Amino acid sequence: MKLTVVGCSGSFPSAGSACSSYLVEADGFRLLLDMGNGALGELQRHVGLYDLDAIFLSHLHADHCIDMCAYFVVRYYRHDGGRPVPIPVYGPEGTEQRLITAHGDTPSDRAMSEVFDFHTLKSGSFEMGPFSVRTEQLCHPVETFGIRVEHGGRTLTYSGDTGACEALDELAYGADLFLCEASFVDGKEDIPDLHLNGREAGEHAARAGAGRLVLTHIPPWTDAARNVADARRAYDGPVELAAPGAVYEI
Ligand SMILES: [Zn+2]
Ligand SMILES: [Zn+2]
């Protein structure tokens, strides 16, 4: 499995990174996890506009899904070769309506579903191309899913946005790479069921026995080095920061 960080800035884009978006590839299948602000531009550094095979949206906050409106334009009004077949989009209940509302004035009520094949997420396991996938609802103000992606005996877990919760430990259990959000600073922001801080991300990685922890979704106003240090105190394995363009062979 190959993971490419397309964008990793938390909550809003930074000068150097788009918001959440991660490309996962195996056996020629390309799965995109989230498509936040600015992700569609960055994505073109890594794959062609029509080379994705499936899209997973962890939740419907703008920093995880808003570039789907731009991607609708790309697919609906394709200039060369006609409109592609609808691409599977796995998202929470209401994803289609959310994108219609965010885009505004679509050519018809059905336009969004003419380019996106919407599947409503629930907690559970299913196959997606070559991947065995498990999703769990996590703890965030809107319905939000974390995802565990397995292929060839290797495992990637992506937290999406979440506060500390048991379901995340299960999702990350034994993961070779745990891509975990760390938006908050320990002792500074203390709001339950919203985001993790560096210490909590480290504690989750330790309890799950993850092989490697990559911290992501750190907002530009947050001290990333502090969060890495806090995670390292709670977790013995390797900890690093996600960076745009970073590639991991899992
Ligand atoms: Zn977010
Ligand atoms: Zn969110």
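The structure displayed is predicted, hence computed values, not measured ones. For ligands, and for the atoms within them, numbers begin at 1 and follow the listed sequence.
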### Task
Anything under 30° is parallel, anything over 60° is perpendicular, the rest tilted; go ahead and classify His64 against His217.
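Plane angle under 30°, so parallel.
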### Query
With under 30° as parallel and over 60° as perpendicular, where do the rings of Phe126 and Tyr90 fit, or are they tilted in between?
parallel
For the Zn ion (ligand 1), what is the closest N, O or S atom on [X]?
X: Asp63; answer: OD2
X: His217; answer: NE2
X: His64; answer: NE2

### Query
Rounded to the nearest 0.5 Å, how far does CZ of Phe184 lie from CG of Asn227?
11.0 Å
From [X], does some N, O or S atom reach closer than 2.8 Å to the Zn ion (ligand 2)?
X: His61; result: yes
X: His195; result: no
X: Asp161; result: yes

### Axial cation check for Tyr50 ring with Arg75, 6.0 Å and 45° limits
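No, Arg75 does not lie over the aromatic ring of Tyr50.
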### Query
Would a distance-only check, ignoring hydrogens and angles, find a side-chain to backbone donor-acceptor pair under 3.5 Å from Arg148 to Tyr173?
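Between the backbone of Tyr173 and the side chain of Arg148 there is a qualifying donor-acceptor contact (under 3.5 Å).
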